[in-house]
Amino acid sequence: MGSTQTLLKTFIQNPSSIKSKYQAKQLHCQVIKTKSASSFLMSTILSIYSNLNLLHDSIVLFKTLHLPPTLAWKSIIRCYTSHGLFRQSLISFAKMISSGKYPDHNVFPSVLKSCASLIDLRLGESVHGCIIRLGVEFDLYTGNALMNMYSKLQPFDISGGQSLYMPKLLDKIPERKEFNGNLILEKEDGVCEIYNNKLHELLSDYRTELVELHPESISLLKNFDTEKREKNDPLTRKGLDRAFKMDSVRKVFEMMPRRDVVSWNTVIAGHAQNGNYNEALTMIRNMGDSNIKPDTFTLSSVLPIFADYVDLSKGKEIHGYVIRNMLDDDVFIGSSLIDMYAKCTRVEDSLTIFRILPQRDGISWNSIIAGCVQNGLFDEGLRLFREMLMTKVKPVHVSFSSIIPACAHLTTLHLGKQLHGCIIRGGFDDNVFIASSLVDMYAKCGNIKIARWVFDKMDEHDMVSWTAMIMGYALHGHAYDAISLFKEMEMEGTKPNFVAFVAVLTACSHAGLVDDAHRYFNSMLNDYKIVPGLEHYAAMADLLGRAGRLQEAYEFISSMHVEPTGSVWVTLLAACRVHKKVELAEKVAEKLLSIDPENMGAYVLLSNIYSASKRWKDAAKLRTSMRVKGMKKTPACSWIEVKNRVHAFMAGDKSHPFYNKIEESLQILLEQMEKEGYVPNTNDVLHDVDEEHKRYLLCSHSERLAIGFGIISTPAGTTIRVTKNIRVCVDCHVATKFISKIVGREIIVRDNSRFHHFKDGKCSCGDYW
């Protein structure tokens, strides 16, 4: 019996030697068998259960204690917190104080974590006051927990005033005194008060009847805490994201007599996450001066700073440090480096880092997919997404919101539909970011009806979803639907932003609604105090140009409050070509080339304007000048997706394996079209050749070849979807109307500015484009 007592004493004195649930149960049994169970021994067993994260056993044992000592309270509080039962942790903290037990430095880290997780800053600040009055504010772990809480919760008064909640606690540490066993605070007027009055008041919300915790009730409490955190999450409150004060964090940090790497990481991450980049970098330098070596968390916090600053040289310095200290195998560092290089437009380096990572998690996969898509490598992004699925990495909401734009840019509707199916099966279809991406994808892939269906199914709309749908209507020529939706957005209380006004102005431009556009432009300035950007000026210039009000457009651009860029002038130059205003075109081209001498569009448009006016010599001079400068005109190209494969066609292209069948079908269609009254418009053939050759050139335009291939390769009645990289010419627009009527199909053509829906011999643009 003596040896058993000795063994028990050894384990009790060194509880960390117990490494498993089985050992802990054995020790518990021996204590009961020897009838030596005391409040102290049971509390020690409870601390062992808590250290092993055994929640149910901890709760059962805690309930057997009539008057739990401090050790038991701190163990059960820590266990609740580690299992995410933050509300129950605070209930226990309240009961501990009510029982007359005062917390020590081992309790407060768990309590502060619960306050942070439940988004309860007022209680957190009151707990901080308790920490100061108990004299444990200099404890390393308590200080780290305080900084973590303040960095997550401290609000920012945009007007520059004080904190929105409790007064600052750190400007003055009060004198601590003992009186009849109670800790008291001597105020400046000499009046004393029990320290925990305010704390009791704030904890009253949590001091409900303790739930009987069986295993099934634990999950219910976890759900309660999750719902409370989501409901009170400050990131969901408009106007507060990225608006946090770091004053309290800094003051806690400065008062800590001893700091470890966690202390430095907390304040550095807090600064970085709240946009205080210079302060974060200063803290890193100070960290090095204090002989604290940065770890992987430090580097993962600082790399996004260089990504946002697009500071490649500094990012490379960190990368060098990572390699020298053999940290490049860390998946978190690897993901941060992938993101940093991608945002610095060095996606090749991102791909290299990704390939050499020994292990890849969901974050690294999502980082490289997003990096490829953001840098225009859409096919590579899709390939990596497929590879991720094959490696059994489960996609999350970020995965889908990253890859859907690739389908939108490539106009691969079938892939977009497949992704939509994955999203529904994965239960992500109620995510507002994914739904907004789907709206944008379907609109850009030519299916505006499905885009609206997805939009209508959303429980709530954010600014991105409203704008995506309005712009979708604009690009499809449904100007009145776009304007109606814009008004609906305003009526629902969503304040239109910079991009929303670009969308509604684009809608007005594509329908020639000049008065409406002026009204929205003035409303943006006067009602919403949004300073017009180049995109707004370009939309207005495009609108006036399409409407034939070229001189007004010229004066509008000349009066801009900012210097017009080439992209603004080129919209007017394109209008000059449509309306055959050669003199104004020369004037605009001179302006354009003075600020952007390498603008390819200016040379091509002016050359076409000269050719249309039969000024062949002037056109030849421009083309010669382009050759001398090494400029090459982007050839017209159209592509169509048939049976999950994309087929591309160039003007006059005979390389497609079905070219002979395409030419034959187009010849048959031409004969039928001429019977219906079609007359080729050779004015758009800007070559000095005879009329017969001009007719041949028109029939071999890239969109005609793509449409012909679509007709012979798909069942009757199938919608044909074609994308073209430049503006559809007038003759092809007329011809496609005839074709849609003859073959009885809807033909959707997306050019570089809008969608054209051809059906029954009519186009959705109303011949205004």
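Here the structure is a predicted model, which means the values were calculated and not measured.
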> Say you draw a straight line from CG of Leu357 to CG of Asp328; how long is it, rounded to the nearest 0.5 Å?
Replying inline: 9.0 Å
>> I'd like to know if the side chain of Trp73 and the backbone of Pro103 have a donor-acceptor N/O pair within less than 3.5 Å.
In response: no
> Is the side chain of Ser364 donor-acceptor paired with the backbone N or O of Arg360 at a distance under 3.5 Å, no angle test?
Replying inline: no
>> Under a 3.5 Å distance rule, please check whether Arg346 uses its side chain to pair with a backbone N or O of Ala342 as donor and acceptor.
In response: no
> What's the spacing between His56 NE2 and Leu54 CG if we round to 0.5 Å?
Replying inline: 10.5 Å
>> Quick check: closest heavy atoms across Ile305 and Ala272, and the distance to 0.1 Å?
In response: CD1-CB, 4.0 Å
>> Within the 4.5 Å heavy-atom criterion, are Met147 and Ser151 side-chain neighbours or not?
In response: no
>> Quick check for you: to the nearest 0.5 Å, what is the distance between Ile77 atom CD1 and Ser82 atom OG?
In response: 12.0 Å
> With no hydrogens and no angle check, is any side-chain donor or acceptor of Gln23 less than 3.5 Å from a backbone partner on Lys19?
Replying inline: yes
>> Does Lys316 form a side chain to side chain contact (heavy atoms under 4.5 Å, CB included) with Ser313? I'd like the steps, not just the answer.
In response: CA-CA 5 Å; Lys316 282 185 172 182; Ser313 61; 5.7 Å; no
>> How long is the straight-line distance from CD of Glu317 back to CG of Asp311, given to the nearest 0.5 Å?
In response: 8.0 Å
> Does a side-chain heavy-atom distance below 4.5 Å link Leu67 with Ser99?
Replying inline: no
>> One pair to check against side chain to side chain donor-acceptor pair (under 3.5 Å): Asn148 and Thr266. What are the steps and the verdict?
In response: CA-CA 6 Å; Asn148 178 63; Thr266 303; 5.6 Å; no
>> When you compare the side chain of Tyr49 with that of Val60, does any pair of heavy atoms fall below 4.5 Å?
In response: no
>> Can you see whether Asn51 engages Arg78 through a side-chain donor-acceptor pair at a distance of less than 3.5 angstrom?
In response: yes
> Does any N or O in the side chain of Ser126 come within less than 3.5 Å of the main-chain N or O of Arg122, such that one atom is a donor and the other an acceptor?
Replying inline: no
>> Pair Asn144, Ser263 - check side chain to side chain donor-acceptor pair (under 3.5 Å), show working.
In response: CA-CA 5 Å; Asn144 288 344; Ser263 314; 2.5 Å; yes
> Looking only at heavy atoms, what is the nearest atom pair of Pro109 and His105, with distance?
Replying inline: CD-O, 3.1 Å
> Where do Leu384 and Leu351 land on the side chain to side chain contact (heavy atoms under 4.5 Å, CB included) test, with the steps shown first?
Replying inline: CA-CA 10 Å; Leu384 286 166; Leu351 287 164; 4.0 Å; yes
>> Quick check for you: to the nearest 0.5 Å, what is the distance between Leu112 atom CG and Ile131 atom CD1?
In response: 4.5 Å
> Applying the side-chain contact (heavy atoms from CB on, under 4.5 Å) test to His28, which of Ile18, Leu61, Leu41 qualifies?
Replying inline: Leu61
> Closest approach of Ser114 and Ser89, non-hydrogen atoms and distance?
Replying inline: OG-OG, 3.3 Å
> Should Ser402 and Val398 count as side-chain neighbours, where that means a heavy-atom distance under 4.5 Å?
Replying inline: yes
> Is there a donor-acceptor contact under 3.5 Å from the side chain of His83 to the main chain of Cys79?
Replying inline: yes
> Rounded to the nearest 0.5 Å, how far does SG of Cys115 lie from NZ of Lys113?
Replying inline: 12.5 Å
>> Once side chain to side chain contact (heavy atoms under 4.5 Å, CB included) is applied, do any residues pair with Asn325, and if so which ones, sequence neighbours excluded?
In response: Lys293, Tyr321, Leu327
> Do Leu281 and Val302 come within less than 4.5 Å of each other through their side chains, counting heavy atoms only?
Replying inline: yes
>> Can a donor-acceptor pair be found, under 3.5 Å and without considering hydrogens, that links the side chain of Ser50 to the backbone of Leu46?
In response: no
>> Within the structure provided, determine whether Leu71 and Lys74 are in side-chain contact (heavy-atom separation under 4.5 Å).
In response: yes
> Counting heavy atoms not belonging to Gln359, are there more than 12 under 6.0 Å from its CD?
Replying inline: no
>> Walk me through whether Met287 and Asn265 qualify under side chain to side chain contact (heavy atoms under 4.5 Å, CB included).
In response: CA-CA 9 Å; Met287 182 182 185; Asn265 284 346; 4.1 Å; yes
> Should we count OH of Tyr141 as having more than 12 external heavy atoms under 6.0 Å?
Replying inline: no
>> Given 3.5 Å as the limit, does a donor-acceptor pair link the side chain of Asn375 with the main chain of Leu377, or not?
In response: no
>> Would you say Thr352 and Asp349 are linked by a side-chain donor-acceptor pair, where the criterion is simply a distance under 3.5 Å?
In response: no
>> Quick check: closest heavy atoms across Ile338 and Ser350, and the distance to 0.1 Å?
In response: O-OG, 2.8 Å
>> If you compare all heavy atoms of Ser335 against all heavy atoms of Asp361, which two are closest, and at what distance to 0.1 Å?
In response: OG-OD1, 4.1 Å
>> The test is salt bridge (charged side-chain N to carboxylate O under 4.0 Å, His left out); show your working for Asp339 and Lys343 and say whether it passes.
In response: CA-CA 6 Å; Asp339 182 62; Lys343 287 182 177 175; 3.5 Å; yes
>> Show the nearest heavy-atom pair for residues Asp104 and Phe108, with the distance to one decimal.
In response: O-CD1, 3.2 Å
>> One pair to check against side chain to side chain contact (heavy atoms under 4.5 Å, CB included): Tyr150 and Glu125. What are the steps and the verdict?
In response: CA-CA 9 Å; Tyr150 279 123; Glu125 287 183 316; 3.7 Å; yes
>> Cation-pi check for Phe253 against Arg259: NZ or CZ below 6.0 Å from the six-membered ring centre and within 45 degrees of the axis, yes or no?
In response: yes
>> Within the structure provided, determine whether His271 and Met283 are in side-chain contact (heavy-atom separation under 4.5 Å).
In response: yes
>> Centroid separation under 6.0 Å, is that true for the rings of His319 and Tyr341?
In response: yes
> What is the ring orientation for Phe428 with Phe400, classed by angle as parallel under 30°, tilted 30 to 60°, or perpendicular over 60°?
Replying inline: tilted
> Under the 3.5 angstrom rule, does the side chain of Thr142 hit a backbone N or O of Asp139 as a donor-acceptor pair?
Replying inline: no
> With a 6.0 Å cut-off on ring centres, are Trp365 and Phe385 close enough?
Replying inline: no
> So do the side chains of Trp264 and Asn286 get within less than 4.5 Å of each other, counting heavy atoms only?
Replying inline: yes
